Amino acid sequence: MKIIIAGAGDVGFHLAKLLSYESQDTYIIDFDGDKLEYLNNHLDVITKKGDATSIKLLKEIGIDSADLLIAVTESQNTNFTISVIGKSLGAKKTIARIDNPEFLHNCEVDFTKFGLDFMISPQELAANEIKMLLNQSSFNDTVQFESGLFNVMGTELSYKSPLVDLTVKEAKQKFKNVDFITIAIKRENVSQTIIPRGDTVYNLDDQVYFSVPNYSIKDLYPIIGKEQFNIKNVMILGGSSVGEKTARHLCEDNFKVKLIEKNKEKAEALAETLCDTLIINGDGRDLELLEEENIREMDAFIAVTGNSETNIMSCLVAKSKGVKKTIALVENMDYIDISQTIGIQSLINKKLIAASNIFKHIRKGGILELANLHNIDAEVFEFEVKPNAKVTEKPIRDLRFPREAVFGGIIRDGKALMSYGDMQIQSGDKVIVFCLPEAISTVEKLFK
């Protein structure tokens with residue numbers, strides 16, 4: 001598969017990183033020579049310095065044989081132009097990073113006629129992610145499959161969790177009436193993600209990811225040693241595009257929202273467009289202002305300013321004031337890995353979310369959905385099982401499934417089924433799989 005990526009920023013880099021684990025024929029175009037040199041030194045991709053809107057350049061790298069053109073530069077107008085030109089020159093499919101909500105939600109204009117097959121907005125995706133995290137308040141990472149029929153949920157184990165010091169096998173025996181599968185463990189000061197086996201021990205402060213059918217979510221709370229609490233009052237710091245979209249989404253679901261914005265003109269504009277949100281013009285780093293606005297009465301605090309450090313520090317302040325749920329938007333990818341060590345429930349990166357969203361268009365083997373878990377360099381896939389796929393030939397325990405992957409559950413005829421060893425996967429099933437990068441190609445072959 002030949003893939004051309006326009007833009008070597010965070011979205012483009014993460015996409016290239018995901019593709020480098022496979023034998024994809026990947027080209028990356030950018031003006032920035034330093035970024036391209038870094039890519040060349042770290043990833044198995046072909047780089048080209050120049051303007052991705054150049055017809056000559058696109059022809060030089062064989063745009064007419066490209067299976068997929070992905071335009072993810074910082075400029076949506078440039079991305080639009082690249083997609084139109086690329087499609088006209090023969091690219092089979094195009095994906096463009098577009099932030100204009102009129103483009104994303106417009107039914108009057110058929111953008112496919114111009115050459116845009118798919119459009120994604122990192123801001124919109126981040127706002128949706130924040131809303132999902134608030135709905136599962138005691139977890140710091142959550143992904144839904146089939147409208148929540150199955151869920152992958154992450155949390156840090158405290159001393160209150162009865163799982164601590166048990167093996168995975170002992171935990172399943174102790175809580176045999178609760179359906180859940182532990183699919184991954186991220187251990188403090190250990191870079192490698194652990195794919196748990198029966199003898200794997202749960203440690204204090206482990207970041208643990210569970211695959212859970214919807215009917216078992218409520219029973220999972222006592223197992224992780226936490227209580228489910230409802231979030232009603234939310235404070236948002238930052239009137240950015242993500243902040244505005246998040247406030248709009250939350251108000252539609254009857255949350256009570258306060259939004260603090262430092263810039264007076266922007267605050268006034270937000271007050272006109274967000275009628276159900278209380279807009280406060282002030283500096284969210286001002287502790288006196290936060291106290292005046294009753295920070296202690298907030299159920300959740302969301303920091304989405306353009307400064308990652310401000311977002312992290314303000315969330316730590318909110319937590320010190322008793323706020324139970326804190327979410328910080330960060331631009332630096334490296335910060336994602338430290339969320340569990342600094343005490344913030346959730347750090348999210350809109351570009352990482354966007355890259356994972358785009359990546360599912362590249363996958364093979366009948367993949368319906370793909371999601372990225374924030375603290376680990378791995379993916380969660382939802383496969384649709386094809387007739388005569390290798391994965392249907394034997395019960396799960398007898399399949400030569402790679403150790404770097406684990407089944408998370410099966411959806412059959414609209415029902416959630418647990419993927420235990422004696423289960424036989426059938427054609428038409430939808431199967432959730434957690435997978436480290438090095439095992440992706442092997443897993444895909446089993447679903448062909």
Side-chain angles (χ1 to χ4, degrees), residues 136 138-143 145 150-228 337 339-341 345 373-381 391 394-410 416-425 431-439 442-443:
Q136 296 295 346
S138 292
F139 293 87
N140 57 22
D141 206 351
T142 179
V143 179
F145 294 96
F150 249 107
N151 304 267
V152 172
M153 312 177 80
T155 190
E156 187 178 338
L157 296 185
S158 71
Y159 69 91
K160 294 182 180 180
S161 172
L163 290 179
V164 174
D165 295 331
L166 293 180
T167 66
V168 170
K169 185 177 180 180
E170 289 169 344
K172 285 306 299 177
Q173 291 171 342
K174 184 173 182 178
F175 303 105
K176 57 186 176 183
N177 294 326
V178 182
D179 285 337
F180 70 94
I181 294 173
T182 304
I183 61 170
I185 296 174
K186 186 70 168 66
R187 189 152 288 164
E188 199 170 354
N189 299 322
V190 178
S191 59
Q192 185 70 26
T193 299
I194 299 170
I195 302 291
R197 302 298 168 186
D199 59 354
T200 303
V201 177
Y202 298 99
N203 288 353
L204 181 67
D205 296 329
D206 277 354
Q207 172 73 15
V208 183
Y209 293 89
F210 304 95
S211 182
V212 194
N214 59 348
Y215 58 80
S216 281
I217 292 177
K218 65 182 184 302
D219 299 318
L220 192 62
Y221 285 92
I223 294 174
I224 64 172
K226 296 180 181 179
E227 295 181 359
Q228 185 175 13
D337 295 330
S339 61
Q340 69 187 103
T341 63
Q345 279 94 338
L373 301 177
H374 296 138
N375 289 296
I376 52 182
D377 188 16
E379 309 291 335
V380 187
F381 299 92
V391 78
K394 301 174 183 177
I396 286 175
R397 66 162 61 92
D398 297 326
L399 293 171
R400 297 185 65 181
F401 210 62
R403 289 189 62 84
E404 298 81 12
V406 61
F407 288 102
I410 299 168
L417 305 176
M418 302 308 294
S419 52
Y420 297 140
D422 57 352
M423 173 64 75
Q424 180 98 27
I425 295 172
V431 181
I432 297 163
V433 178
F434 173 83
C435 194
L436 295 180
E438 57 265 33
T442 303
V443 170

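Atom set for the values below is all heavy atoms of this structure, side chains included, hydrogens, waters and symmetry mates excluded. As the structure is a prediction and not an experimental result, all values here were calculated from the model.
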- Message: If you compare all heavy atoms of E404 against all heavy atoms of A439, which two are closest, and at what distance to 0.1 Å?
- Response: CB-CB, 3.7 Å
- Item | Closest contact, heavy atoms only, A416 versus P213 | CB-CB, 3.8 Å
- Query: Under 4.5 Å between any side-chain heavy atoms of V143 and V380, yes or no?
  - Reply: no
- How close do G409 and S211 get, heavy atom to heavy atom, and via which atoms? N-OG, 4.4 Å
- Query: Does a side chain donor of either S161 or Y202 reach within less than 3.5 Å of an acceptor in the other side chain?
  - Reply: no
- Find the distance between CG (N203) and CD1 (I185) and round it off to the nearest 0.5 Å. 8.0 Å
- Task: Count the heavy atoms belonging to other residues, nucleotides or ligands that lie under 6.0 Å from CD of E227, then report whether that count exceeds 12.
- Result: no
- Item | Side-chain donor or acceptor of D398 paired with backbone N/O of P395 under 3.5 Å | no
- Which residues pass the ring-ring contact (aromatic ring centres under 6.0 Å, His included) test with F401, sequence neighbours left out? F407
- Query: Hey, does I396 have a side-chain heavy atom less than 4.5 Å from the side chain of S419?
  - Reply: yes
- Item | Atom pair CG/CG of D179 and N214 - distance to nearest 0.5 Å | 11.0 Å
- In terms of heavy-atom contacts, T182 and F180 come closest through OG1-CE1, 3.9 Å
- For the residue pair F210 and F434, is the inter-centroid distance of their aromatic rings smaller than 6.0 Å? no
- Query: Quick check: does any side chain N or O of K174 sit under 3.5 Å from a backbone N or O of L163, one acting as donor and the other as acceptor?
  - Reply: no
- Could you give the distance from CD1 (I425) to CG (L399), rounded to the nearest 0.5 Å? 6.0 Å
- Task: Go through the structure and list residues passing ring-ring contact (aromatic ring centres under 6.0 Å, His included) with F150, not counting sequence neighbours.
- Result: none
- Task: Show your reasoning for whether side chain to side chain contact (heavy atoms under 4.5 Å, CB included) applies to N140 and Q207.
- Result: CA-CA 9 Å; N140 57 22; Q207 172 73 15; 2.7 Å; yes
- Message: With a 4.5 Å cut-off on side-chain heavy atoms, are Y221 and F139 touching?
- Response: yes
- Query: Does any N or O in the side chain of R403 come within less than 3.5 Å of the main-chain N or O of I195, such that one atom is a donor and the other an acceptor?
  - Reply: no
- Message: I'd like to know if the side chain of K394 reaches the main chain of V391, judged simply by a donor and an acceptor atom lying under 3.5 Å from each other, with no hydrogens or angles considered.
- Response: no
- Can you name the nearest heavy-atom pair linking P196 to T200, along with the distance? CA-OG1, 3.5 Å
- Go through the steps for R197 and V168 under the test side chain to side chain contact (heavy atoms under 4.5 Å, CB included), then give the verdict. CA-CA 7 Å; R197 302 298 168 186; V168 170; over 6 Å; no
- Query: Going from CE on M153 to CD1 on I217, what distance comes out if it is rounded to the nearest 0.5 angstrom?
  - Reply: 4.5 Å
- K226 to E156 - nearest heavy-atom pair and separation: NZ-O, 3.3 Å
- Message: How long is the straight-line distance from NZ of K186 back to CD of Q192, given to the nearest 0.5 Å?
- Response: 9.0 Å
- Query: Does the side chain to side chain contact (heavy atoms under 4.5 Å, CB included) test come out yes or no for I224 and T155, once each step is laid out?
  - Reply: CA-CA 8 Å; I224 64 172; T155 190; 3.8 Å; yes
- Task: Drop me the distance from D205's CG to L157's CG, to the nearest 0.5 angstrom.
- Result: 8.5 Å
- Output all residues satisfying side-chain contact (heavy atoms from CB on, under 4.5 Å) with T167, sequence neighbours left out; order by chain, then residue number. K169, E170, V201
- Might you work through the side chain to side chain contact (heavy atoms under 4.5 Å, CB included) test for Y159 and V164, ending with a clear yes or no? CA-CA 7 Å; Y159 69 91; V164 174; over 6 Å; no
